[in-house]
2 protein chains.
Amino acid sequence: MKSIPAGPLPSVDEARTLDLERYVPFRLSVLANRVTRAVARVYSRNFRLSAPEWRTMAVLGRYGAMTANTVVEQTAMDKVRVSRAVARLLANGRVTRRTDPDDRRRAILDLTPEGRATYAKIVPMVLAVERDLLSDLTGEERTLLDQIMRKLEQRTAADFAAEDDTEF
Amino acid sequence: MKSIPAGPLPSVDEARTLDLERYVPFRLSVLANRVTRAVARVYSRNFRLSAPEWRTMAVLGRYGAMTANTVVEQTAMDKVRVSRAVARLLANGRVTRRTDPDDRRRAILDLTPEGRATYAKIVPMVLAVERDLLSDLTGEERTLLDQIMRKLEQRTAADFAAEDDTEF
DNA sequence: GGGAATTGATTTCATAAGAAACTAATTGTG
DNA sequence: CACAATTAGTTTCTTATGAAATCAATTCCC
């Protein structure tokens with residue numbers, strides 16, 4: 001019933017069994033959720049921001065004024081989510097929006113001084129969470145983690161675009 | 001608040017800047033979302049299952065009959081989510097539920113033969129997605145990834161339970 | 001120059017999610 | 001034994017999400 005297993009890739013045998021605790025997509029999902037929650041505690045508890053709101057502030061804080069579309073690209077969020085996040089950030093005075101005179105479809109967003117102050121308070125806190133997260137890793141492991149993630153990011157770049165083949 | 005950082009840890013200077021493309025929590029979140037979507041395509045497109053439904057089937061398929069509570073533990077999902085997933089799996093005949101005679105609060109869940117057949121079809125497909133995801137990594141990198149994730153999993157075990165200190 | 005197609009952004013609508021309240025059964029404790 | 005506390009699981013209620021439709025401005029291109 002069982003055939004010859006070999007190599008680091010799942011063997012034919014293993015292909016009949018899915019152990020969630022060893023399955024990288026599942027582990028990645030659980031880990032990311034935990035980390036996301038830990039980071040979210042910082043800005044939600046202390047500043048009443050949602051994740052999309054914080055992400056929007058994060059890119060505006062880092063790169064300065066930009067359009068909603070650029071926020072979408074930088075944050076990997078859906079445009080609807082960004083649109084709603086911006087609406088709330090406008091409502092509580094953390095962000096400004098002005099229509100781009102060169103292309104009146106575009107709205108240029110930027111942090112208000114108050115938004116910038118909030119941003120400056122949050123940054124060290126969320127960096128501390130990252131430091132905490134990585135604190136058990138050696139220098140080498142950190143380097144490798146970065147390298148491995150880079151590879152995985154590349155591989156998944158267009159959400160495994162090659163898979164789309166099967167759509168037709 | 002924190003003491004002097006040094007070496008490979010973020011420096012004081014860096015602590016004023018948050019580059020999302022280098023920030024591990026953000027990268028982890030984006031990566032996990034992409035991978036999750038890729039895996040979800042397999043079971044949603046071909047079998048009309050939601051993520052909670054598939055996760056529930058995955059643990060039942062791997063470990064056999066268990067209570068909803070054990071499903072919650074094994075899948076890292078909220079009990080509400082599991083409850084709803086089970087309701088739908090019951091409705092379309094992939095899972096059975098019988099009250100535990102020893103403790104009539106408990107409901108013991110198991111896959112139906114049909115559920116088991118679906119499970120057997122999905123497993124090789126989602127394993128293929130994992131193989132694809134990891135295909136650019138060397139054997140060493142795979143080992144290191146496993147090791148690093150294990151450390152991060154430990155570190156985040158109780159969602160950074162230590163952070164709860166600040167709640168009071 | 002003027003409609004067709006495209007692009008930036010918002011709104012609508014249906015579904016999913018989770019916190020909190022709830023029901024029912026069991027266990028612990030006086 | 002009885003009743004308070006706990007545990008398993010479901011329901012309710014509010015909010016978040018994203019696909020699709022929509023609106024508005026711009027660009028294509030004949």
Side-chain angles (χ1 to χ4, degrees), chain A residues 29-30 32-34 36-37 40-41 43-45 48-56 59-60 65-92 95-110 159 164 167, chain B residues 29-30 32-34 36-38 40-41 43-45 48-56 59-60 65-92 95-110 159 167:
Chain A
S29 163
V30 171
N33 277 335
R34 288 182 186 175
T36 296
R37 274 201 301 274
R41 271 204 287 269
Y43 55 72
S44 68
R45 193 147 76 194
R48 307 276 136 196
L49 290 168
S50 70
E53 287 165 281
W54 164 241
R55 280 193 181 186
T56 300
V59 296
L60 291 174
M66 62 177 73
T67 66
N69 231 330
T70 308
V71 173
V72 167
E73 287 158 19
Q74 293 293 321
T75 59
M77 291 194 290
D78 187 85
K79 64 183 182 165
V80 179
R81 262 175 104 183
V82 171
S83 174
R84 291 195 263 240
V86 168
R88 296 182 59 184
L89 290 170
L90 286 167
N92 54 44
V95 156
T96 56
R97 168 170 52 190
R98 65 189 177 84
T99 301
D100 182 347
D102 292 347
D103 182 343
R104 293 174 29 252
R105 290 170 304 185
R106 282 194 254 259
I108 297 173
L109 308 168
D110 203 0
D159 270 352
D164 290 348
E167 282 223 294
Chain B
S29 164
V30 171
N33 277 335
R34 288 180 186 176
T36 295
R37 273 200 302 275
R41 272 206 287 271
Y43 54 73
S44 68
R45 192 146 78 192
R48 307 274 137 197
L49 291 168
S50 70
E53 287 166 281
W54 163 242
R55 279 192 181 187
T56 300
V59 297
L60 291 174
M66 61 176 74
T67 67
N69 231 329
T70 309
V71 173
V72 167
E73 287 158 20
Q74 293 293 321
T75 59
M77 291 194 291
D78 187 85
K79 65 181 181 166
V80 179
R81 261 176 105 182
V82 171
S83 174
R84 290 196 265 239
V86 167
R88 296 182 60 184
L89 291 170
L90 286 167
N92 53 43
V95 156
T96 56
R97 168 169 53 190
R98 66 187 177 85
T99 300
D100 182 346
D102 292 348
D103 183 343
R104 292 172 34 252
R105 289 170 305 184
R106 283 194 253 259
I108 297 173
L109 308 168
D110 203 359
D159 270 350
E167 283 222 294

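Given the structure is predicted, the values throughout are model-derived calculations rather than measurements. Residue numbering restarts at 1 for every chain, and letters A, B, ... go by the order of the sequence lines.
- Considering only heavy atoms from C-beta on, B/T56 comes within 4.5 Å of B/M77 through its side chain.
- Near-neighbour residues of DNA chain D inside residues 74-83 of chain B, defined by a heavy atom below 4.0 Å, number-ordered: B/K79, B/V80, B/S83.
- Summary of the strand contacts: A/S50 and A/R106 both lie near DNA chain D, and taking for each the nucleotide with the nearest heavy atom, the more 5' one is attributed to A/S50.
- Scanning DNA chain D 5' to 3' for nucleotides with an atom closer than 4.0 angstrom to a non-hydrogen atom of chain A gives a first and last hit of D/dA16 to D/dT26.
- For A/T75, there are no side chain to side chain donor-acceptor pair (under 3.5 Å) partners, not counting sequence neighbours.
- A/A87 comes within 4.0 angstrom of nothing in the nucleic acid, heavy atoms only.
- If one axis is set at each end of the helix from C/dG1-D/dC30 to C/dG30-D/dC1 from five pairs, those axes are 10° apart, to 10°.
- Contact detail for B/V30 and A/A76: the closest heavy-atom pair is CG2-CB, 3.9 Å.
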Using a 3.5 Å cut-off and no angle test, enumerate the donor-acceptor pairs between side-chain atoms of residues 82-90 of chain A and protein atoms at least two apart in sequence or in another chain.
none

Where do B/N69 and B/K79 land on the side-chain contact (heavy atoms from CB on, under 4.5 Å) test, with the steps shown first?
CA-CA 7 Å; B/N69 231 329; B/K79 65 181 181 166; 5.9 Å; no

Cut-off 3.5 Å, no hydrogens considered: what does the side-chain donor-acceptor table look like for residues 101-110 of chain A, sequence neighbours left out?
from, atom 1, to, atom 2, distance (Å)
A/D103, OD1, A/R105, N, 3.2
A/D103, OD1, A/R105, NE, 3.1
A/D103, OD2, A/R105, NH2, 2.8
A/D103, OD2, A/R106, NH2, 3.3
A/D110, OD1, A/R116, NH2, 3.3

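- When DNA chain C is scanned in the 5' to 3' direction for atoms under 4.0 Å from non-hydrogen atoms of chain B, the outermost contacting nucleotides are C/dA16 to C/dT26.
- Place B/R84 and B/T70 on DNA chain D by their nearest nucleotides, and B/T70 ends up nearer the 5' end.
- A search for side chain to side chain donor-acceptor pair (under 3.5 Å) contacts involving B/T67 returns B/T70, not counting sequence neighbours.
- Atom CG of A/L60 is separated from atom OG1 of A/T96 by 8.5 Å, given to the nearest 0.5 angstrom.
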